[in-house]
Structures are given as C-alpha cells and as structure tokens.
Participant: 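Encoded as structure tokens, here's the structure I'll be asking about.
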2 protein chains.
Amino acid sequence: MTEEERLRADAQLNRERILSAAREAFAANPDASLNSIAKAAGVGAGTLYRHFPTREALVLGVYRHEIQQLVDLAPALLEQHAPLVAMRLWLDRLAHYGRMKYGINDVLHAAMTPSVLGQTYGPMVEAIDQLLKAAEALGLIPPGTDAEDLLLLLGFLWRIPPGPRATAQADRLIDLVITGLKGGR
Amino acid sequence: MTEEERLRADAQLNRERILSAAREAFAANPDASLNSIAKAAGVGAGTLYRHFPTREALVLGVYRHEIQQLVDLAPALLEQHAPLVAMRLWLDRLAHYGRMKYGINDVLHAAMTPSVLGQTYGPMVEAIDQLLKAAEALGLIPPGTDAEDLLLLLGFLWRIPPGPRATAQADRLIDLVITGLKGGR
DNA sequence: ACCTGAACACCGTTCAAGT
DNA sequence: ACCTGAACACCGTTCAAGT
C-alpha cells in the first residue's frame, strides 16, 4: 500500500503495534475498550484515534487480510467447481468465519454495511456477484438476484448461537437460501 | 398479570413512569442511556434497575404489547387466508415493525435470542411454527423446517438500510425465503 | 418493602504540551 | 509531523441511607 509507505517510521511502527495489540485483545474479548488496546500497545489514546478514527476502522484493519482471502476465494472456487458447488463452498467458508469467536462477527457486520469506509463492502459484494453471475450464465438460477440483497440475507451466519448445533444449523439455512436462489428450478 | 398486582402502589406507579419515559426516550434515540431515562421518569437509578435489571428487559417491557399483537396475528391470518398467503402477510407485518425506527430493532433482536428473559422468544417461535405447520399440513412446503431456524434467518428484516428502497428490498428477500421454504415445489 | 442519589470504575474522545 | 496522557463528559451499576 502506497499510503502505508508514506507514513513516518515511528507512525508505521505504532500502527503495527496497535493492530497487533487489537488482534490479541479482540481474540480475548470482542468488546475490549479502545483505551485498553492503546495501553496494551504502549501508545497514547490519541495515537490510536488518529490511525483508526472509529472502532469499526480498527476492527476492519485487524481483519483486512482475512476478508481479502475470502474475496479471493470466490474466483478460485469457480475455476475448480460448478457454480452452485462453488457457491455452496464459499458460503460454508463464510459460515466458518462467522463461527469463530475472534469478534470477526463485528467485522463482517462492518464489511456488510455500505458505510464510508466500505473498502471491504465493495469487494464482498463483488465476490458474491461473481458466484451469482456464474450460476445465472448456466441457467442454474433465474437472473436478477441482487448481490447486496444476498449479503444482507446472509447476516444470519454470524448470529448463529455458538454450540455443537451451530454447524448443522448453518448447513440447513444455507440449503434453504440456495433453494431460494434456484427459484423452483 | 398477577405479579403486577402484588407490587406496592408506589412501586407500580414507578414502573409505569419508567416504561412511559423509556418509550419516549427510545423513540427519540434508541441508544438513550438508562440514567437519563431514570431521570426523565423522576426516579432513582436504582429503582429503574430493580424493575428492569438489564437494558434488554426494559426494551422488552416497552414493546411487550407490540410483540403480543404480532404473535396473535399469526392464528388470525391463518383463519382468513391460505397458509402461504398468511405466511407472506405475517412476514410483511414483521418487516413493517423492522422498518420503524422506534428502536424496535433492538427488541426484536432481544425477542429472537433464547435468553433467560425469553418470555417473548417462545411465543414468537410458536407463531412461526403455526404458520409452518399449516403449510406443511397442505403439502405446500416439505415438512421439518425448524421455526427457530426461520426466525434466525429473518433477522435481516431489521437490518435493512432505511430509505425509499427498503420496502422493495424486504419484498424481494421475503420472496426468496418463501421460495426456499417451498423447496422446489 | 421500596426508593433515592451520591459514588465508583470505566468508557470514548479531545487537545494542550511535548519531541 | 507525530505522539503523549491528563482531562472531560458520560456511561452502567451499586449500595448506604432514608421513608
């Protein structure tokens, strides 16, 4: 990233310290306070706020790579599988992220909101759109399903109550969604 | 309610003052602080906390009647319409609640969580179950869909971004869900 | 039996002062 | 140009003291 290069050396170091401390803190407790993260990072509160003006921005910074992996996975799956199989596998992967307790729930929620910082929202929608378009092209689903609609619908994935039944419930609901997508075909 | 009758007269009055103040406060701002609500109700903070130990409990108290109306609506609709039509109308109503900005989003979220205070969760699941069972009985949908699954899935209704497109988006997604329920029939 | 409201620990956010 | 950290206003929650 060019933006990162332009930072002064100490600023760059602080940024990495904050991200590292936040990663640990969120893993232990998704609601960790920003002040406590700043302290753990050995950094003034104001420094954290300049690097990450909002809580969402910080969470997004922490999970940037994970989200990118998810986005990159869509075209990769489409190369190796039939569209609806790729869709299914991608949704399983999304559900997997939803189930980890790293507080990634919040980030995906943030990634789902077409907010100002939505550098992540766009790519997520695009990934889903690729999957939809591939299935449409083969006539597997009726055309016209909106990728943003689907992303909104998929929000249930990170609200599944944790526990041994979580995976089965996710599977059942993904089945229902895919059936809905096929629209009677 | 027998419990309410057993309250001392002043306690009963305070309870009503709190609910009334909370209703107004939440209408203006769903994130209104509990202290500010206690002050607006002319009541000590401790009093609010004894009546409603958690924020959820207070929000639930405020919207108790609205939720009850929604629950009662399911059997009423089933008497006058075919099961899938009743389902559709009920979901429209649910979406309508989701769209009002009264902070009812929070309450429905609370009503969806099988939490300790779930006096509302049970009835909501039951209402959905009635709609599902009626459709199953006529073979309109395959048997076995779990009402709790469906309620979880429906969470998108109160996360629809407000605006002129909200209604249309809700309609599209409800269509998709109903198609998914029908499972190819 | 119920209520009050000061007090506590903590939160997000800002900003003067430093380097 | 960037950082520090005290300070501010506010939060949820508790609990001794009242009636």
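Every chain is numbered from 1 and lettered A, B, ... according to where its sequence line falls, protein lines coming before strand lines.
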Participant: Looking only at non-hydrogen atoms, find the nearest pair between B:Val43 and B:Leu48 and report the distance.
Facilitator: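 What the structure gives for the nearest pair is CG1-N, 4.0 Å.
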Participant: Going 5' to 3' along DNA chain D, between which two nucleotides do contacts with chain B fall, using a heavy-atom cut-off of 4.0 Å?
Facilitator: D:dC11 to D:dC15
Participant: Going by side-chain hydrogen bond (donor to acceptor under 3.5 Å, both in side chains), name the pairs with one or both residues in residues 40-50 of chain B, residues two or more places apart or in two chains.
Facilitator: none
Participant: If each of B:Asn35 and A:His51 is mapped to the nucleotide of DNA chain D with the nearest heavy atom, which maps nearer the 5' terminus, i.e. the 5' end?
Facilitator: A:His51
Participant: Rounded to the nearest 0.5 Å, what's the gap from OG1 on B:Thr145 to CG on B:Leu132? Could you check?
Facilitator: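 If I round to the nearest 0.5 Å, the distance is 6.0 Å.
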Participant: Report the stems of DNA chain C as range-with-range entries sorted by first number; a stem here is at least three consecutive pairs, Watson-Crick or G-U wobble, both distances under 3.5 Å, and write none if there are none.
Facilitator: C:4-8 with D:12-16, C:12-16 with D:4-8
Participant: If you measure from CZ on A:Phe156 to CG on A:Leu153, what distance do you get to the nearest 0.5 Å?
Facilitator: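 Here the interatomic distance stands at 6.5 Å.
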Participant: Between A:Thr47 and A:Ala32, which has a closest nucleotide on DNA chain C that is more 5'?
Facilitator: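 Result of the comparison: A:Ala32.
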Participant: Please report the closest heavy-atom contact between B:Ala38 and B:Gly44, naming both atoms and the distance.
Facilitator: CB-O, 4.1 Å
Participant: With a non-hydrogen cut-off below 4.0 angstrom, is B:Ala45 in contact with a base, only sugar-phosphate, or nothing?
Facilitator: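 It contacts base atoms.
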Participant: List the atom of B:His51, the atom of B:Pro53, and the distance in Å for their closest heavy-atom pair.
Facilitator: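 Heavy atoms of B:His51 and B:Pro53 come nearest at O-CD, 3.8 Å.
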Participant: Please test A:Arg93 against A:Leu70 for side chain to side chain contact (heavy atoms under 4.5 Å, CB included), starting from the C-alpha separation and ending with a verdict.
Facilitator: CA-CA 8 Å; A:Arg93 186 78 183 161; A:Leu70 200 57; 3.6 Å; yes
Participant: Do you see a donor-acceptor pair shorter than 3.5 Å between the side chains of B:Glu126 and B:Gln130?
Facilitator: no
